[in-house]
> 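The structure follows.
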2 protein chains.
Amino acid sequence: MEVSQTLRRHFPDGVIAASCPSRVVLDHVTSKWGFLVLLALAEGDSLRWSELRRRVQGVSEKMLAQTLRTLEADGLVARDAKPVVPPHVEYSLTPLGAELAQLLTPLMDWLVVHAPDILDRAG
Amino acid sequence: MEVSQTLRRHFPDGVIAASCPSRVVLDHVTSKWGFLVLLALAEGDSLRWSELRRRVQGVSEKMLAQTLRTLEADGLVARDAKPVVPPHVEYSLTPLGAELAQLLTPLMDWLVVHAPDILDRAG
DNA sequence: CTGTATCCCCACCGATACTG
DNA sequence: CAGTATCGGTGGGGATACAG
């Protein structure tokens, strides 16, 4: 197996610099809830706040808000607040976020399929 | 965009259960250093402890050891300690780990390419 | 060279209460 | 409905010293 040409081009010696900007985004994506929020939106549908809370099981209001704000600031998630009462807010992936989510989905697939074996072995 | 058939089959309602075993493995892979350690080994070469420390910039001895033990217990990383003095230990991906790493590499590619834009926008 | 052992902090996160 | 504000604990993780 080989790492990609892209990575080789950026890091010929195989070292990803601690100062590399990708570390920051990696932290966002691999944050406790970032991955699951992006995945929940990966179907392409807009989801309401309450629907997101339901799908990302276990997330608290605080962490959902924080995660959504981070991902929105990163340009990965779009927030659409309709000016009605009671409030109605929809979240969806931006084109950039959709690109990213396409890479996350096969990873989650693999984890779902192999997790039982892995945990059996690990005890 | 659509989530994969695999995810749909496991979670028809789009909800990944909080109790799903994949959450545990997801935590290992998305842990602060798990992703980078797997990536460092993704070239396929065996790496020595000291080489890993060099490539995964910023990791402490404690966290490298802990991460490697977790990944080894998960069957993703193989540890080969040669009975010589001074000690000589090599780490590599298992076939399972190599499968996983193949999904991680394109993700890191994407992050490296897009991180600058994302951070510019996010400030 | 390849780790373990220990101390300790603080940032993450959950729980709860409250608001437009 | 869709959040914000605040408090408190907890364990992840860094620093250091030590060991086989």
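In what follows, every chain begins at residue 1, and chains take the letters A, B, ... in the order their sequences are listed. Keep in mind that what you see is a predicted model, and the values were worked out from it rather than measured.
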> I'd like to check F11(A) versus V112(B) (side-chain heavy atoms, cut-off strictly below 4.5 Å). Are they in contact?
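They are in contact (side-chain heavy atoms under 4.5 Å apart), so the answer is yes.
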> Judged by atom type as modelled, is there a donor-acceptor pair below 3.5 Å linking the side chain of H10(A) to the main-chain atoms of T6(A)?
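Yes.
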> Rounded to whole Å, please give me the gap between CG in L68(B) and C1' in dT4(C).
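My rounded result for the distance is 14 Å.
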> The side chain of R48(B) lies closest to which of these nucleotides: dT4(D), dT4(C), dT2(C)?
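Side chain of R48(B) sits closest to dT2(C).
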> Passes salt bridge (charged side-chain N to carboxylate O under 4.0 Å, His left out), R69(B) versus E72(B)? Steps please.
CA-CA 5 Å; R69(B) 269 188 273 115; E72(B) 191 192 356; over 6 Å; no
> Work out which heavy atom in M108(A) is nearest to a heavy atom in S22(B); give both atom names and the distance.
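For M108(A) versus S22(B), the nearest heavy atoms are CE-OG, 3.6 Å.
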> Could you go step by step and tell me if L107(B) and L100(A) meet the side-chain contact (heavy atoms from CB on, under 4.5 Å) rule?
CA-CA 8 Å; L107(B) 179 53; L100(A) 176 58; 3.4 Å; yes
> Taking it one step at a time, do R23(B) and L111(A) satisfy side-chain contact (heavy atoms from CB on, under 4.5 Å)?
CA-CA 8 Å; R23(B) 289 275 186 110; L111(A) 290 174; over 6 Å; no
> Tell me whether R8(A) is salt-bridged to E43(B), with the criterion being a basic N under 4.0 Å from an acidic carboxylate O.
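Yes.
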> For Y91(A) and P87(B), find the nucleotide of DNA chain D closest to each by heavy atoms; which residue's nucleotide sits nearer the 5' end?
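First, find each residue's nearest nucleotide; the 5'-ward one identifies Y91(A).
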> Roughly how many Å is it from CG in L64(B) to C1' in dG13(D), rounded to a whole number?
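In whole Å, dG13(D) C1' lies 13 Å from L64(B) CG.
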> In whole Å, what is the span from the CG atom of D27(B) to the P atom of dG13(D)?
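Spelled out: CG on D27(B) to P on dG13(D) is 10 Å.
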> Between P on dG3(D) and NZ on K82(A), what's the gap in Å once rounded to a whole number?
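After rounding, the gap between these two atoms is 13 Å.
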> Can you check the R69(A) CZ to dA2(D) C1' distance for me, whole Å?
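Roughly 12 Å, once rounded to whole Å.
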> Tell me, do T30(A) and F35(A) make a side-chain contact under 4.5 Å, heavy atoms counted?
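Side chain of T30(A) against side chain of F35(A), heavy atoms only: no contact under 4.5 Å found.
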> To 10°, what angle do the rotation axes through the five end pairs on each side of the helix from dC1(C)-dG20(D) to dG20(C)-dC1(D) form?
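Axis angle across the helix from dC1(C)-dG20(D) to dG20(C)-dC1(D), nearest 10°: 60°.
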> How many Å lie between CG on L47(A) and P on dA2(D), as a whole number?
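One finds 11 Å between P of dA2(D) and CG of L47(A), rounded.
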> Please list each protein N or O that sits under 3.5 Å from an N or O in nucleotides 10-13 of chain C, with the distance.
from, atom 1, to, atom 2, distance (Å)
dC13(C), N4, K62(A), NZ, 3.0

> Do the side chain of D13(A) and the main chain of V15(A) share a donor and acceptor less than 3.5 angstrom apart?
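Yes, because the side chain of D13(A) sits within donor-acceptor range (under 3.5 Å) of the backbone of V15(A).
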> If you take any heavy atom closer than 4.0 Å to DNA chain C, which residues from residues 49-57 of chain B end up in contact?
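Close to the strand are W49(B), S50(B).
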> Are any side-chain N or O atoms of R53(A) and backbone N or O atoms of V59(A), one a donor and one an acceptor, separated by less than 3.5 Å?
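Side chain of R53(A) to backbone of V59(A): a pair is present.
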> Using atom types as modelled and distance alone, determine if a side-chain donor or acceptor of T94(B) lies under 3.5 Å from a backbone N or O of L76(B).
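Confirmed, T94(B) side chain pairs with L76(B) backbone.
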> Can you check the E61(A) CD to dC1(D) C1' distance for me, whole Å?
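It is 10 Å, rounded to the nearest whole Å.
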